[in-house]
Amino acid sequence: MTRLQIIGKAVASSNEWSAAGEFGCFVTSPVRSPTLRRNWSFGEILLNWSQRRLMTTSKRVQDRSKDKRVHDLEIATEKHKVVSKVLVLMEMLKKEPEMIIPVRSLDRCRKQINLPRPHSIVDFIRKSPKLFELYKDQKGLLWCGMTKEADDLLEEEERLIREHSATAAEYVTRMLMMSVDKRLPLDKIAHFRREFGLPADFRSEWVHEYPQHFKVVKSPDEDDYLELVEWNPAWAITELEKAVLGVSESASHSPGLLSLSFPLKFPATYKKLYRYGGKIEHFQKRSYLSPYADARGLQAGSKEFDKRAIAVMHELLSFTMEKRLVTDHLTHFRREFVMPQKLMRLLLKHLGIFYVSERGKRFSVFLTEAYEGAELIQKCPLVIWKEKVLSLIGYRGRKKKIETFTDVSDMENNAVVGGSSEDEGIPMQLDQIEAISELEDIAVGDSSFMDIHEIDNEYKPCDSF
């Protein structure tokens with residue numbers, strides 16, 4: 001028997017209003033007046049209550065967006081998950097004294113690699129023989145190291161990050177300029193390290209290399225903040241202004257109201273667009289405050305407030321190398337960037353501007369205009385480097401035999417073998433533990449690991465945008 005039938009039977013045997021209260025119907029101020037109570041039937045009250053419930057009850061993101069999925073961007077998400085796992089392992093090995101580590105130690109780092117049980121660490125490593133090698137020492141302890149090709153790739157990445165450093169400094173400075181207090185917690189900026197192309201020594205070294213732009217300060221709670229040193233009017237121009245108006249840097253620019261339309265790309269399967277065409281046109285024509293203007297006077301929940309929040313998210317995504325971010329990282333900045341609490345609802349509502357991928361434990365948001373199918377339209381050198389790493393992942397051939405070291409004297413002299421038993425691994429230093437905590441933010445995705453050639457088969461063929 002349905003809930004409505006139960007309520008109906010209760011009404012037949014008792015007072016309508018007591019039945020409504022008994023079954024949780026929301027009968028409040030509109031029906032407290034005796035006059036109104038005589039004019040409102042129980043059916044009308046029940047309908048009003050159900051409408052309220054439908055409007056206010058939150059649904060899962062998966063349910064709200066399942067009819068609006070873009071398969072090409074889901075494929076891009078899956079590829080990112082695969083390469084992220086490998087990059088985490090490469091960075092962990094890079095921080096070891098001899099760039100090798102016992103597999104038993106890696107087994108204790110499953111959370112950082114994002115490879116939960118029952119998936120095998122050894123099988124995961126063997127899937128990329130062009131990047132990783134497995135060896136046994138004379139005591140039977142299994143070790144993991146990197147190939148010469150992987151070493152060369154890490155050297156290339158270091159060079160590309162150095163070349164990208166000035167651009168990254170500009171983007172970090174512009175983030176500070178958008179913030180309400182012109183400063184941001186260093187821990188929160190660290191979440192964007194890979195997305196912005198920041199180096200591994202971001203916290204300890206890099207933040208001090210641009211004193212003309214920002215500096216590290218302590219809060220009353222002894223937390224580290226990055227604070228803007230000097231406002232740069234030439235950088236207070238949004239990426240949208242540059243693209244639409246062709247505005248270049250201007251030393252006299254003053255941020256204010258903008259009336260620019262956001263580029264829209266809807267999924268080919270989104271066939272209800274005609275129903276909302278008028279609303280979309282009205283939204284595009286609405287003026288909004290620049291992300292670099294002071295937003296403290298805006299009323300939370302207003303249309304102007306929401307559209308400025310969309311402009312802020314558009315700007316942040318434009319700064320990233322792959323024009324995508326983990327949604328958790330965006331929500332961390334709600335207070336600093338004056339954005340609404342229910343940020344996910346805003347992202348899902350504006351499907352033509354953003355696309356939220358639901359794959360994995362954490363959702364990712366894409367800037368749709370930056371993609372053609374599953375590929376970025378404009379790729380910076382660091383993105384091309386990442387694709388090079390991706391091309392070396394995956395192996396379907398016969399498993400190679402694990403070689404055994406015949407001479408471990410060099411390893412013992414360098415104290416690489418941490419003990420005499422397999423239960424003893426290489427002790428991690430404090431800076432290594434901090435680095436791994438940062439890497440945890442990189443490894444986003446669900447509990448599965450897929451070969452690259454399996455990804456395209458995961459989804460049915462579908463038209464792109």
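On a predicted model such as this, the values are computed, not experimentally measured, just so you know. Along the sequence shown, residues are numbered consecutively beginning with 1. Just so you know, these numbers use all the heavy atoms, side chains as well, and skip hydrogens, waters and symmetry mates.
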* Where do Ala374 and Ala76 come nearest, in terms of heavy atoms and distance? -> O-CB, 3.9 Å
* Test side chain to side chain donor-acceptor pair (under 3.5 Å) on Gln212 and Tyr210 and set out the steps. => CA-CA 5 Å; Gln212 70 276 25; Tyr210 298 91; over 6 Å; no
* Could you walk me through whether His314 and Glu369 pass side-chain contact (heavy atoms from CB on, under 4.5 Å), step by step? => CA-CA 10 Å; His314 185 281; Glu369 68 189 74; 2.8 Å; yes
* Evaluate the criterion salt bridge (charged side-chain N to carboxylate O under 4.0 Å, His left out) for residue pair Lys95 and Glu91; output intermediate values, then yes/no. => CA-CA 6 Å; Lys95 294 183 180 297; Glu91 288 208 7; 5.4 Å; no
* Can you measure from CZ (Phe337) to CG (Leu184) and round to the nearest 0.5 angstrom? => 5.0 Å
* Structure fact -> Closest non-hydrogen contact found for Thr238 with Ser290 is CG2-OG, 4.2 Å
* Take Ile113 and Phe124 through the test side-chain contact (heavy atoms from CB on, under 4.5 Å) and record every step on the way to the result. => CA-CA 10 Å; Ile113 302 175; Phe124 167 73; 4.0 Å; yes
* **Donor-acceptor contact below 3.5 Å, side chain Asn232 vs main chain Ala234** => yes
* Could you tell me whether the side chain of Arg334 and the main chain of Thr331 form a donor-acceptor pair under 3.5 Å? => yes
* To do: Classify the angle between the aromatic ring planes of Tyr355 and Phe366 as parallel (below 30°), tilted (30 to 60°) or perpendicular (above 60°).
  => tilted
* Asked: Is the ring centre of Phe192 less than 6.0 Å from the ring centre of Phe333?
  -> yes
* Quick one: do Glu163 and Arg159 make a salt bridge, cutoff under 4.0 Å? -> yes
* Asked: Is NZ or CZ of Arg183 both nearer than 6.0 Å to the six-membered ring centre of Tyr225 and within 45° of the ring axis?
  -> yes
* To do: Could you pull out all residues at least two apart from Asp107 that satisfy salt bridge (Lys or Arg N to Asp or Glu O under 4.0 Å)?
  => Arg110, Arg117
* Asked: Near Lys218 NZ, under 6.0 Å, is it more than 12 heavy atoms from other residues, nucleotides or ligands?
  -> yes
* **Nearest non-hydrogen partners of Pro340 and Ala309, listed with the distance** => CD-CB, 3.5 Å
* Please answer whether the main-chain N or O of Ile101 pairs with a side-chain N or O of Ser105 as donor and acceptor at a distance below 3.5 Å. => no
* Exam field: side chain Trp385 to backbone Leu153, donor-acceptor pair closer than 3.5 Å -> yes
* Exceeds 12 heavy-atom contacts within 6.0 angstrom, atom NZ of Lys215 -> no
* **Over 12 non-hydrogen atoms of neighbours within 6.0 angstrom of NZ in Lys188** => yes
* Pairs in or reaching into residues 291-317: which pass salt bridge (charged side-chain N to carboxylate O under 4.0 Å, His left out), with residues at least two apart or in two chains? -> Arg174-Glu315, Asp294-Arg296
* To do: Please determine if Lys148 and Asp152 form a salt bridge, counting it only when a charged side-chain N lies under 4.0 Å from a carboxylate O.
  => yes
* **Donor on one side chain, acceptor on other, Trp206 and Ser165, under 3.5 Å** => yes
* Is a salt bridge present between Glu158 and Lys94, judged by a nitrogen-to-oxygen distance below 4.0 Å? -> yes
* Asked: Is there a donor-acceptor pair under 3.5 Å between the side chain of Lys323 and the backbone N or O of Ser318?
  -> yes
* Asked: Parallel, tilted or perpendicular: which describes the rings of His329 and His332, with under 30° parallel and over 60° perpendicular?
  -> tilted
* Leu343 and Thr327: side-chain contact (heavy atoms from CB on, under 4.5 Å), yes or no, with the steps? -> CA-CA 9 Å; Leu343 202 56; Thr327 55; over 6 Å; no
* To do: Using the salt bridge (charged side-chain N to carboxylate O under 4.0 Å, His left out) rule, take Arg194 and Glu157 through it: C-alpha gap first, then chi angles, then the decisive distance, then the call.
  => CA-CA 11 Å; Arg194 271 206 172 273; Glu157 183 193 27; 3.1 Å; yes
* To do: Show your working on salt bridge (charged side-chain N to carboxylate O under 4.0 Å, His left out) between Lys79 and Glu322 and close with a plain yes or no.
  => CA-CA 12 Å; Lys79 289 181 178 180; Glu322 296 182 89; over 6 Å; no
* Asked: Judged by modelled atom types alone, do Ser287 and Ser259 share a side-chain donor-acceptor pair under 3.5 Å?
  -> yes
* Side-chain donor-acceptor pair present, Glu74, Thr77, cut-off under 3.5 Å -> no
* **Pair His213 + Trp231: ring centers closer than 6.0 Å** => no
* Could you state the interatomic distance from CG (Leu347) to CD1 (Ile353), rounded to the nearest 0.5 Å? -> 10.0 Å
* If the plane angle is over 60° it's perpendicular, under 30° parallel, otherwise tilted; pick one for Phe196 and Phe319. => perpendicular
* Asked: Can you name the closest pair of heavy atoms from Val86 and Ser128 and give their distance?
  -> CG2-OG, 4.4 Å
* Output, in order, the C-alpha distance, side-chain angles, deciding distance and verdict of side-chain contact (heavy atoms from CB on, under 4.5 Å) for Leu106 and Ile125. => CA-CA 10 Å; Leu106 289 177; Ile125 295 170; 3.9 Å; yes
* **Arg203/Asp224 salt bridge by N-O under 4.0 Å criterion** => no
* **Heavy-atom closest pair, residues Leu240 and Pro263** => CD1-CD, 3.7 Å
* Has the side chain of Asp137 got a donor or acceptor atom that lies under 3.5 Å from a matching backbone atom of Gly140? -> yes
* Atom SG of Cys109 and atom CD1 of Ile121: how far apart are they, to the nearest 0.5 Å? -> 8.5 Å
* Structure fact -> Taking every heavy atom of Phe354 against every heavy atom of Thr368, the minimum-distance pair comes out as C-CG2, 3.6 Å
* To do: I would like to know whether Lys379 and Glu387 meet salt bridge (charged side-chain N to carboxylate O under 4.0 Å, His left out); could you show each step before the answer?
  => CA-CA 10 Å; Lys379 300 178 182 179; Glu387 291 180 346; 2.8 Å; yes
